There are 2 protein chains.
Amino acid sequence: MATRSTIMDTNSFRAEHAAALDEQTRRLTERRQEVLGGSYRLFYRKPVHLVRGQGQYLWDAEGNKYLDMYNNVASIGHAHPAVVDAVHGQMQQLNTHTRYLHERILDYTEELRTTLPEYLTAGDYKAMYMCTGSEANDLAIRVAKAYTGGTGLIATAEAYHGTSELTSSISPALGSGQPIGEHVWLLPAPDSYRTGVKDIGAWFAQKIRDAIAEMTSQGVTFAGFIADSIFSSDGVLPGTYLKEAIDAVHEAGGVFIADEVQPGFARTGEEFWGFACHGVSPDIITMGKPMGNGIPVSGLLARSEVLASFSDTIPYFSTFGGNPVSMAAAQAVLEVIRCEGLQAHALDVGAQALDSFRQLATAHENVGDVRGSGLFIGFELVRDRDTREPARDLALAMLEELRSRGVLTSVAGPHGNVLKLRPPLPFSEQDIPWATQALDESLSVLTR
Amino acid sequence: MATRSTIMDTNSFRAEHAAALDEQTRRLTERRQEVLGGSYRLFYRKPVHLVRGQGQYLWDAEGNKYLDMYNNVASIGHAHPAVVDAVHGQMQQLNTHTRYLHERILDYTEELRTTLPEYLTAGDYKAMYMCTGSEANDLAIRVAKAYTGGTGLIATAEAYHGTSELTSSISPALGSGQPIGEHVWLLPAPDSYRTGVKDIGAWFAQKIRDAIAEMTSQGVTFAGFIADSIFSSDGVLPGTYLKEAIDAVHEAGGVFIADEVQPGFARTGEEFWGFACHGVSPDIITMGKPMGNGIPVSGLLARSEVLASFSDTIPYFSTFGGNPVSMAAAQAVLEVIRCEGLQAHALDVGAQALDSFRQLATAHENVGDVRGSGLFIGFELVRDRDTREPARDLALAMLEELRSRGVLTSVAGPHGNVLKLRPPLPFSEQDIPWATQALDESLSVLTR
């Protein structure tokens, strides 16, 4: 089992950095200290004070412009007018709960089901809505338990699936302070670069089978496997290798939960959904972050039979979930993805960006691996290309250097050495030079 | 221990009611059946198809006007322009997460702390934000466990605190299909009408002490007591009786979580917060529904020392929580409550409404008890005033009769016999006759 890290706590402003700040920024950090809980962390030694966003760009209070290479919530672009208008229009009319009839939740769900890959029978999937990815995953796990009668769960060693008690118990990315659930098996992620394994699909499927065998031998009934199919917090691991593993899950009677909070909504370019790149059939598909472009909306699509096992016995109602305003935002997002051709765009521009970033490996020995799918790119830094020893300190220093060049991003992976390059989807060909040059210069400055 | 009911499932449209519906309404119910999970329930045998709301009024697709006596989410009034404008303005600028600096979360928190009663030291409380009341309570319970090192929780027998795995495990109102947590003690609610107890405060405090003693004798360490101080789902139990119980909680080293999702934000009239009516000091105050008037925003204020025990060891981050748009909505709500004087209004109009509803007891023997605090009123129906036998069927039939007279509400309490009259705060003196007449006529029709 991989060692559990504490990376979520590293790219953070700390009190000792305060002296270097300008008066206004320091005062804001002090006010946060005074009124917010200690869990709040700021990115960067010199935190960014944002006041405006548009498309893939952000501006701070001093008027500095940033290229957003990190935020997949404002996935169709910051302050997209289609979402602004849809929310504004609906808010003026009505915003109430789903125990009254309203068309939007129905129109949206019908539209959402058309995004499922053709090899699935869309009509088999029914929807539930809530407000956050955590809530979607919390319910998905409860449904998996109800359907299987089991409690044994499998996740990956650096997975992140949410902030509720249940979802944080399957989120080792939260660090060693976060207790992992009693019946949770954590597997090393299917990382072909770091393991050196060629057939990573077969390798990972065997890990799944071994875990199921182990829980069975301990008298624990297998409930399911949950994964974000691009393994974002495990270091960004795109590919098409999950089929055998999911077959193993299904053969053992388990539920496969595709956590699409990261790869979903056209980001990978190849497919609308991350799991579809692998050609696998989820029992439950959970969605969140990019779904409403910032309006808190999340949901799940689950096979009717699986969902019924839960809904027949346990009531579930989300006060805000599926309300007309949330649905208006979500409808606008789907429409923009389609009308602006953002999936094809992500595929095209993502490939160009990947090419450009990969070329940095020629000049910079510390670039170990650059991989991606559409506009989700992992840029892995190593101390030595032969040993592949992770260069965590370099990655963290890179974040600060990139920030000073106006490029915002963060790190991922068990060693915190993978830059997670995940811009809003309007990121264009014209932005690639800025991003590439910032990476290039930052590497030069830090490794000269 | 009170019997666990399944009331959340009763005021529902069922397939057998479809034949009586007009074509459009039936088609909408069929589409829901086709695309939404089975957990979705519609109010009323003839579901309401809402298209517009303003203030305390709602309109259906046929243009019928309703008096909303139920929804405390749109608490300052449906489609309030101050919230619409605040959200629209902020959405055009920026909506991103709290790892960048932004003034709104700080301005809001500073403002929110000024609403705490004078007997608390506002500066001792720090804020955390998320999207739903469930998420606020989920975190609050985890904090209580971290602070005390305990697992034993006390809630009331018909409590409702949320939909996550953890919060549903302390929510017996969800019915007998919902498993209650292993270390959860459920106490009968402090209901002086139904128990006939005069000093309900002393009675309830003794129940708390007994529960703590029992868990201690079983080797379970007491973590805390969670209560909505108006005991909404336990039947609406306003009063000033909790002081002794909370003293008992604190004496035993436990945390008191005041779940203000129901009584908070000026509804009770007397005070801004429900717990303040009792003069008690919560360790954690959780808030949700009315906080953003429909925009999904929730939060908690916790004593620094209590919160630190959690935040020092376990990371917590909510992607949407505390974002500029959520905070803009929440700021507008606070401002409207203050500028429109809604707290004093709730006190004044609530008292008039209570008087008016109480007078119905003269003509109608089935009116057992009418009680309230501000604009949160419980209207309890009985078969017989002497035996106080709950009239559950009558209450359910009342909902349908009231609906046909344009008055929307629902039921509460372990016996499902208490009408929960909880209108948006703009409910005015001019609305009292409509509500009173609808109650009067419905009672006449059903009991003649």
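What you see is a predicted model; the values in this text were computed from it and never measured. Each chain gets a letter, A, B and so on, in the order its sequence line appears, and its residues count up from 1.
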Do B/Glu135 and A/Thr163 pair up side chain to side chain, a donor and an acceptor below 3.5 Å, judged on atom types alone?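 Checked: B/Glu135/A/Thr163 side chains show no N/O donor-acceptor pair below 3.5 Å.
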Please determine, among [options], the option with the most heavy-atom pairs under 4.5 Å with chain A.
| options | result |
| --- | --- |
| B/Ser168, B/Gly133, B/Gly288 | B/Ser168 |
| B/Gly294, B/Gly123, B/Ser304, B/Ser134 | B/Gly294 |
| B/Ile141, B/Asn323, B/Thr319 | B/Thr319 |
| B/His102, B/Arg113, B/Met130 | B/Arg113 |
| B/Asp68, B/Asn95, B/Leu166 | B/Leu166 |

Heavy-atom distance under 4.5 Å to chain A: side chain of [X], backbone, both or neither?
| X | answer |
| --- | --- |
| B/Thr109 | side chain |
| B/Leu58 | side chain |
| B/Leu408 | side chain |
| B/Thr25 | both |
| B/Asp107 | both |
| B/Val51 | backbone |

With rounding to the nearest 0.5 angstrom, report the [atom1] to [atom2] distance, [X] to [Y].
| X | Y | atom1 | atom2 | result |
| --- | --- | --- | --- | --- |
| B/Tyr66 | A/Tyr100 | OH | OH | 10.0 Å |
| B/His78 | A/Leu94 | NE2 | CG | 7.0 Å |
| A/Leu50 | B/Arg99 | CG | CZ | 14.0 Å |
| B/Arg52 | A/Thr96 | CZ | OG1 | 14.5 Å |
| A/Leu101 | B/Phe13 | CG | CZ | 8.5 Å |
| A/Arg142 | B/Gln178 | CZ | CD | 5.0 Å |

Check whether any side-chain heavy atom of B/Thr132 lies under 4.5 Å from a side-chain heavy atom of A/Phe320, and answer yes or no.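 A side-chain contact under 4.5 Å exists here.
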Could you tell me which portion of [X] (side chain, backbone, both or neither) has an atom closer than 4.5 angstrom to a non-hydrogen atom of chain B?
| X | result |
| --- | --- |
| A/Tyr70 | side chain |
| A/Val48 | both |
| A/His97 | side chain |
| A/Asn137 | neither |

Start with the C-alpha gap between B/Tyr129 and A/Tyr40, add the side-chain angles, then the distance that decides, and say whether side-chain contact (heavy atoms from CB on, under 4.5 Å) holds. CA-CA 10 Å; B/Tyr129 296 103; A/Tyr40 280 93; 3.7 Å; yes
List the residues meeting side-chain hydrogen bond (donor to acceptor under 3.5 Å, both in side chains) with B/Thr98, not counting sequence neighbours, and say none if there are none.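 If we apply the side-chain hydrogen bond (donor to acceptor under 3.5 Å, both in side chains) test to B/Thr98, skipping adjacent residues, there are no hits.
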Among A/Gly322, A/Pro81, A/Gly321, A/Ala79, which has the most heavy-atom pairs under 4.5 Å with chain B?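 The candidate making the most pairs under 4.5 Å is A/Ala79.
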Can you list the residues of residues 29-39 of chain B that sit under 4.5 Å from chain A, counting heavy atoms only?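 Result: B/Thr29, B/Arg31, B/Arg32, B/Gln33, B/Glu34, B/Val35, B/Leu36, B/Gly37, B/Gly38, B/Ser39.
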Would you please go through residues 84-92 of chain A and name the residues with a non-hydrogen atom below 4.5 Å from one of chain B, in numerical order?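 If one takes a 4.5 Å heavy-atom cut-off, the residues of residues 84-92 of chain A near chain B are A/Val84, A/Val87, A/His88, A/Met91, A/Gln92.
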List the atom pairs, with distances to 0.1 Å, where a side-chain N or O of residues 306-314 of chain B and a protein N or O form a donor-acceptor pair under 3.5 Å, not counting sequence neighbours.
unit_1: B/Ser309; atom_1: OG; unit_2: B/Tyr147; atom_2: N; d: 3.4
unit_1: B/Ser309; atom_1: OG; unit_2: B/Val306; atom_2: O; d: 2.6
unit_1: B/Ser311; atom_1: OG; unit_2: B/Leu307; atom_2: O; d: 3.2
unit_1: B/Thr313; atom_1: OG1; unit_2: B/Phe310; atom_2: O; d: 3.2

